[in-house]
Amino acid sequence: SQQGEEDPQALSIQEGENATMNCSYKTSINNLQWYRQNSGRGLVHLILIRSNEREKHSGRLRVTLDTSKKSSSLLITASRAADTASYFCATGPDTGRRALTFGSGTRLQVQP
Amino acid sequence: NAGVTQTPKFQVLKTGQSMTLQCAQDMNHNSMYWYRQDPGMGLRLIYYSASEGTTDKGEVPNGYNVSRLNKREFSLRLESAAPSQTSVYFCASSEGPVPNGYTFGSGTRLTVV
């Protein structure tokens with residue numbers, strides 16, 4: 001079963017707009033990560049937020065984490081056509097299996 | 001710096017055939033992973049190796065075996081391929097067993113007919 005569920009499944013916006021993707025998970029975590037996948041390629045690590053952090057920034061990316069609601073959001077500001085990709089959240093557990101569990105992803109289309 | 005290299009990139013198998021997917025990393029990472037990606041289902045963990053000499057089952061291990069040949073290489077074997085194993089397979093690596101960020105290979109697209 002998927003630990004992370006992402007919302008929306010697909011998102012289409014205009015260049016320059018902001019894009020927000022949400023991720024919910026079920027069990028306690030050590031950290032939560034976001035990855036990007038361009039069509040036909042491998043995943044690329046974007047950003048990691050630890051369970052004791054609430055917000056993190058990296059360039060045009062802003063990630064928030066609410067462990068009480070078991071949810072996270074990824075905000076991409078001033079989007080560009082090159083941001084078109086699928087975005088996945090992944091949770092790192094604090095116990096048990098030492099591997100990430102991935103969500104089903106959000107497909108982002110940025111129209112030029 | 002190649003990162004994570006997977007071979008082959010594409011493969012077509014007949015039902016019942018066997019094959020090994022190869023993965024090698026040159027970042028001196030301790031941990032390595034195999035995932036499969038099916039449409040609409042994200043990535044599911046098949047097997048992982050937290051350190052050289054250890055392997056553990058993931059979410060969907062049935063029909064697969066793995067070998068951590070050395071620190072650099074982690075192979076995935078399909079002994080008797082089935083159409084349900086048609087998927088894109090990704091290998092990844094990370095510095096330690098607490099995954100602080102994976103480096104992924106470019107994937108192997110496998111079709112079983």
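The sequence lines fix the lettering, A, B, ..., with proteins before strands; numbering per chain opens at 1.
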Treat each ILVMFWY residue as a node, draw an edge where side-chain heavy atoms are under 4.5 Å apart, and state whether [X] and [Y] are in one component.
X        : Y        : value
Leu48(A) : Tyr87(A) : no
Ile46(B) : Leu43(B) : no
Met19(B) : Tyr47(B) : yes
Ile47(A) : Ile49(A) : yes
Leu45(B) : Leu76(B) : no

Nearest 0.5 Å please: distance from the [atom1] atom of [X] over to the [atom2] atom of [Y].
X        : Y         : atom1 : atom2 : result
Phe90(B) : Arg41(A)  : CZ    : CZ    : 10.0 Å
Glu59(B) : Phe102(A) : CD    : CZ    : 12.0 Å
Arg44(B) : Thr101(A) : CZ    : OG1   : 12.5 Å

Chain A contact via Gln37(B) - side chain, backbone, both or neither, heavy atoms under 4.5 Å:
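For Gln37(B), the contact with chain A is made by the side chain alone.
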Heavy-atom distances under 4.5 Å only: say whether Gln9(A) touches chain B with side chain, backbone, both or neither.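 For Gln9(A), there is no contact with chain B at all, as no heavy atom is under 4.5 Å.
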query = Where does Arg107(A) contact chain B at under 4.5 Å (heavy atoms): side chain, backbone, both or neither?
reply =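 For Arg107(A), neither part sits under 4.5 Å from chain B.
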With a cut-off of 6.0 Å (strictly less than), are more than 12 heavy atoms of other residues, nucleotides or ligands near CZ of Arg60(A)?
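Check passes, neighbour count above 12.
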- Message: Does Glu95(B), at its CD atom, have more than 12 non-hydrogen atoms belonging to other residues, nucleotides or ligands within less than 6.0 Å?
- Response: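 Not more than 12 within 6.0 Å, no.
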Original post:
Taking C-beta and beyond as the side chain, do Leu100(A) and Tyr35(B) meet within less than 4.5 Å on heavy atoms?
Top reply: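 Leu100(A) vs Tyr35(B): side chains touch.
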| message | A side-chain contact here means heavy atoms from C-beta on lying under 4.5 Å apart; do Tyr33(B) and Arg98(A) qualify? | response |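 No - every pair of side-chain heavy atoms lies 4.5 Å or more apart.
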Q. Can you name the residues of residues 101-113 of chain B that have some heavy atom under 4.5 Å away from a heavy atom in chain A?
A.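 So far as heavy atoms go, Gly101(B), Tyr102(B), Phe104(B), Gly105(B), Ser106(B) are the residues that approach chain A to under 4.5 Å.
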